[in-house]
Every structure is written in structure tokens, then in C-alpha cells.
There are 2 protein chains.
Amino acid sequence: MGFLGNAPHLDGLLERLECAEGLEDLQIAIEDLRDSYGVDHMVYHWVSSSGEQYGCGTYPLDWINRYVEKGYLRIDPVVSGCYQRFHPVDWKRLDWSSKAARAFLQDAIGHGVGNQGFSIPIRGPNGQFALFTLSTTCSDAEWEEFTETNRRDLILLAHYFNQKALEFEPGRAPDPAQPLSPREIEAMTLLAIGYNRAQAADTLSISEHTLRVYVESARFKLGALNTTHAVARALSRGLIVV
Amino acid sequence: MGFLGNAPHLDGLLERLECAEGLEDLQIAIEDLRDSYGVDHMVYHWVSSSGEQYGCGTYPLDWINRYVEKGYLRIDPVVSGCYQRFHPVDWKRLDWSSKAARAFLQDAIGHGVGNQGFSIPIRGPNGQFALFTLSTTCSDAEWEEFTETNRRDLILLAHYFNQKALEFEPGRAPDPAQPLSPREIEAMTLLAIGYNRAQAADTLSISEHTLRVYVESARFKLGALNTTHAVARALSRGLIVV
DNA sequence: CGTGCCCTCGCCATTTCCGGGGAGGAGGAT
DNA sequence: ATCCTCCTCCCCGGAAATGGCGAGGGCACG
């Protein structure tokens with residue numbers, strides 16, 4: 001358990017971050033940051049559009065493995081809560097009402113994650129979604145003061161971290177992020193809001209066959225196995241909005 | 001044409017921004033900011049999920065009208081360029097190679113937009129995308145120095161602007177967000193990653209019919225018209241993650 | 001102890017989707 | 001001028017999804 005240190009000088013931190021040349025440097029940087037801020041854990045992680053998880057941080061390895069094995073990504077209130085928000089959020093303000101969520105929290109604390117947490121959602125191109133998280137064990141009042149004091153610096157840190165991570169992202173190559181044509185976007189959007197092909201074609205005033213061509217083309221561009229998959233990918237890559 | 005002023009004190013700016021209670025206050029704030037930074041124009045604008053454009057800023061009204069009428073949104077290299085990026089970008093670094101883009105730039109400058117520009121992309125939940133832009137008329141060197149100096153403060157300003165804008169956004173209405181059962185989440189997730197019903201049922205070691213029941217149940221809870229619609233809704237509500 | 005929700009399974013008819021063909025015109029980019 | 005992408009339209013057969021019928025056991029909450 002750390003004792004929350006004084007806010008370190010941001011310029012130096014950002015400068016060192018900007019020199020990072022690989023994920024290893026980010027890992028070193030985040031460990032230093034953790035020490036500078038005097039918190040137990042600092043983590044940056046994200047899910048690529050292909051579903052793989054990447055990240056760096058100071059969580060114990062067995063907790064990370066457990067998280068992945070148990071599929072905690074799908075029930076973690078931090079993830080689902082931040083996914084709906086734009087601004088940073090204190091873990092206490094998330095919805096822990098479900099049984100699974102409380103069990104998850106117990107498990108997390110049992111593996112060394114702090115009882116306090118503060119997570120900043122970050123969104124990038126193509127639906128990229130990342131989280132920059134601080135966690136420690138302390139009182140509510142202490143944590144409140146700490147997060148209020150450092151909120152702005154942490155937002156910037158999250159921003160720069162993500163910028164670096166995007167540079168290094170391994171899935172940059174197999175994820176060409178091929179753009180959809182306007183018609184394809186319209187077609188996919190209509191399907192995403194529940195229209196069937198006949199309705200969608202009617203809405204666009206084109207034949208159903210033409211609409212199919214768009215959907216097939218979009219499916220191909222997105223590397224999707226079927227229409228539902230294509231819509232899901234288009235959504236999570238931010239190519240369409242519902 | 002302004003002469004680039006010294007960086008104003010960020011704390012005061014952000015505090016006043018946090019007091020804003022409506023779009024009108026944001027408009028006042030952005031005008032003050034423009035004056036504080038000594039640039040010609042400062043603009044924040046975004047496209048809502050329903051496709052409508054909102055914003056506030058200091059562009060001349062006839063330029064804004066022309067922008068909307070001519071559908072410049074679709075050819076503006078600032079928009080399309082920032083849509084692919086995460087970090088702030090100087091307009092000079094964008095792709096102005098197409099004929100339409102150069103004509104657009106001429107038109108913009110002719111309507112009082114500066115020859116220099118700096119735009120920060122911002123992304124929020126549900127595919128929200130916004131731009132925070134500064135523009136002025138000055139030399140490349142001056143602009144370079146100005147943006148380098150104020151880069152971090154501007155990122156924070158953009159962040160806080162967007163946070164306020166999200167609060168004010170109309171149609172932030174009810175999102176009942178009925179929870180899905182664990183099995184339903186698993187089923188929907190498998191469909192979202194491209195499995196067909198047989199594969200998904202096999203993966204979950206249940207009969208295909210049982211899987212169908214989950215999907216139907218989820219579809220009902222989500223108020224969706226079909227499976228694709230249900231997956232789209234589950235995704236955009238953050239109930240499943242792909 | 002009923003009521004409701006969750007999990008599990010089966011059959012049938014109808015609708016819809018999928019994937020494989022082919023074909024022509026319009027517009028922009030090199 | 002030529003290539004490429006986009007937009008538009010058409011046919012067909014097999015595969016998959018949908019909707020509606022039914023059934024039973026478990027678990028929790030009041």
C-alpha cells in the first residue's frame with residue numbers, strides 16, 4: 001500500500017513518455033509513474049478491434065491471467081461503465097449492484113488490486129477503446145483529494161500514453177481499417193437499426209440485389225464472416241453509428 | 001488577424017468552463033478563449049449520432065452556412081484527417097492533394113478562416129466525434145511555436161469542452177439498459193464475433209435451440225427487431241464487448 | 001409456497017439470407 | 001486515355017434464421 005505522494009512535475013513525465021520507442025518503454029514509464037504518484041497500481045490497457053487485449057501496468061501477473069481466463073472483461077464494471085462515459089470516473093461511482101460485479105471486486109482486491117480506483121476512458125480511431133487506470137488502497141477522503149488534485153494531469157498522461165500505444169500497436173497491419181463507401185455505410189447503418197434487406201433497399205430506393213452487393217462488399221472489407229459480424233465490426237470500429 | 005498572445009492561465013479558463021450551464025455559455029467561453037489566445041478563430045463542433053451538426057465558435061456566419069449548404073463536411077480534409085487520427089494535428093500536415101480539398105481551402109480562406117489551423121479530434125461514447133479547432137493568419141514559424149507551446153493546454157480545453165457539450169446534448173434520453181443474463185451475453189458475444197447459431201451453440205455446449213432462446217430473449221430485452229439489430233444495440237450500449 | 005426468472009431441450013413451416021455467377025455506366029485518379 | 005472504384009441491376013439454389021408451439025428442473029424472493 002502506497003502513501004499518495006505529491007504530484008510530480010508533469011513536463012518531465014510527458015517528455016520521457018514521448019521518448020518511448022516500444023511497449024517495453026511504456027512499461028518502464030508506467031512503473032516510474034506509479035512510484036511518482038505513490039499509488040499501488042497504474043495500468044494502461046486496451047482491446048484491439050480483433051479482440052486481443054494489450055496493455056502495460058503494474059497489476060500482479062496472476063491477476064492479469066485470472067482476468068483473461070475468467071473473461072472478466074465482460075463483467076468488469078470499470079470497463080462497461082467507462083464504455084458509456086467520456087470523463088474519468090471514480091470506481092465508487094460505477095454500478096456494482098450485480099452479484100457478478102461484487103464477486104469480481106472481491107477477487108480483484110484479493111489479488112492485490114486496491115480498494116480505490118480511478119479510470120480514464122480513451123477512444124481512438126476505428127473504435128479503439130482504452131483505459132488508463134490508477135488503483136490503490138486508502139480511505140475515500142484521501143482518494144477523493146488525490147484524484148481531484150491530479151485529474152487534469154492524469155487526463156493528459158492518459159492521452160499521451162494512448163498516443164504512444166497507437167504508434168506501437170501490433171494490430172496496425174492486419175487491421176487495414178478499409179473505409180466503407182457512402183452507400184455501404186448507409187446500408188450497414190440501416191441493417192444495424194433493425195431493417196431487413198428488403199426494407200433497407202426500399203429506404204435507399206434501390207433494388208434489394210444492389211443492397212446485397214453493398215452488404216457483401218462491406219462484409220468483405222471488414223473481413224466479416226456474416227452480416228451480423230460485419231455490423232458488429234463496423235460499429236466497434238466506429239464506421240457506423242446507431 | 002490576431003497576434004498570438006501569451007498562454008493564459010489554464011486553471012481560470014477551465015474553472016469558468018466548468019460553470020457553463022448551456023450552449024450559450026460555451027459560446028461566450030469560446031469567444032473569451034479566442035481573445036485570450038489571440039487567435040482569429042476558435043471553434044468546437046460535433047456531429048450527433050442522428051447526423052445533426054452542433055457547435056459553437058467564432059467562424060463568420062456566412063462561412064458556417066456555406067459549409068453546411070455545400071456539404072463541405074464530406075470533403076473537409078480537417079474532418080476526414082482528424083477522423084483517422086488520435087492526436088492533434090496541424091492543418092499543414094493533412095492531405096490537401098485532391099482538387100476538391102484545395103478548392104475548399106481557397107473558399108475557407110476567402111471567408112475569413114485563417115491560413116493556419118490546429119485541430120484536436122475528440123471521441124465520446126456511441127461514436128460521438130467532435131473537433132476543437134484554432135485558426136489564424138500568421139507565418140508557419142509563428143504557428144509552429146504557438147501550437148507547440150500550448151498543445152497540452154489545448155488538449156485539456158478540448159476535453160473539458162466536450163465534457164460540457166455531452167452534458168448539453170439533446171436526445172441524451174432514456175437508455176433503460178435492461179441487463180442481459182450471463183448466458184445471453186455469451187450468446188450475443190459469439191454472434192457478434194461472427195459465429196452462426198450452430199457454432200455458437202457448440203461453443204457453449206448447448207443445443208442450438210437453447211441458444212436460440214437466449215438470442216430471442218436478448219432480442220426482446222433490447223427491443224430489437226432481429227438478431228443483427230440486437231447485436232448492434234448490445235454493442236452500442238456496452239452490454240457486450242467485441 | 002406460489003411467482004418469476006434462468007437454463008435446458010424438441011419439432012415444423014415460412015421467411016430471409018448467403019454465395020456464386022454476370023453486366024453496364026459514371027466519375028475520379030494517373 | 002485508361003484504370004479503378006463506386007453504383008446500379010439481374011438469376012438461382014442451398015443454407016440459415018425466424019416465429020410459434022410445446023416441455024421440465026432449478027433457484028431466489030417475498
Heavy-atom side-chain proximity of B:Gln199 to B:Leu190 below 4.5 angstrom: no

Under-4.0 Å side-chain N/O to phosphate OP1/OP2 contact, A:Lys221 with D:dC6: yes

Residues A:Glu216, A:Arg212; criterion salt bridge (Lys or Arg N to Asp or Glu O under 4.0 Å); working and verdict: CA-CA 6 Å; A:Glu216 275 176 49; A:Arg212 277 184 46 199; 3.5 Å; yes

Under 4.0 angstrom between A:Arg183 side-chain N/O and D:dC7 OP1 or OP2: no

B:Met188 CE to D:dA17 P, straight-line distance once rounded to whole Å: 13 Å

OG1-CE distance between A:Thr227 and A:Met188, expressed to the nearest 0.5 angstrom: 7.0 Å

Distance, nearest 0.5 Å, that separates CH2 of B:Trp91 from CZ of B:Phe118: 11.5 Å

Whole angstrom value for the distance that separates P of D:dA15 from CG of B:Asn196: 13 Å

Separation of atom CD1 in A:Ile206 from atom P in D:dC9, rounded to whole Å: 7 Å

Whole-Å gap separating P (D:dC10) and CZ (A:Arg197): 14 Å

D:dC7 OP1/OP2 closer than 4.0 Å to side-chain N/O of A:Ser181: yes

N/O (side chain, B:Ser217) to phosphate O (OP1/OP2, C:dC6) under 4.0 Å: no

Distance, rounded to the nearest Å, where A:Ile185 contributes CD1 and D:dC6 contributes C1': 13 Å

Atom-to-atom span, NE2 of A:His229 to P of D:dA16 - whole angstrom: 17 Å

Given A:Thr228, A:Asn226, A:Asn196, the one that forms side chain to side chain donor-acceptor pair (under 3.5 Å) with B:Thr228: A:Thr228

Could you list all N or O pairs between the protein and nucleotides 19-29 of chain D that sit under 3.5 Å apart?
from	atom 1	to	atom 2	distance (Å)
D:dG19	OP2	B:Arg219	NH2	2.6
D:dG19	N7	B:Arg212	NH2	2.5
D:dG19	O6	B:Arg212	NH1	2.9
D:dG19	O6	B:Arg212	NH2	2.8
D:dG20	O6	B:Arg212	NH2	3.2

Gap between atoms CD and C1', on A:Glu184 and D:dC6 respectively (whole Å): 8 Å

Derivation of the salt bridge (Lys or Arg N to Asp or Glu O under 4.0 Å) call for A:Lys164 and A:Glu18: CA-CA 7 Å; A:Lys164 274 293 165 188; A:Glu18 281 179 349; over 6 Å; no

CZ on B:Arg34 to NE2 on B:His41, rounded to 0.5 Å: 7.5 Å

Interatomic distance, B:Leu211 CG vs C:dC6 P [rounded to whole Å]: 16 Å

Residue met sooner reading DNA chain C from 5', once B:Thr210 and B:Leu180 are mapped to nucleotides: B:Leu180

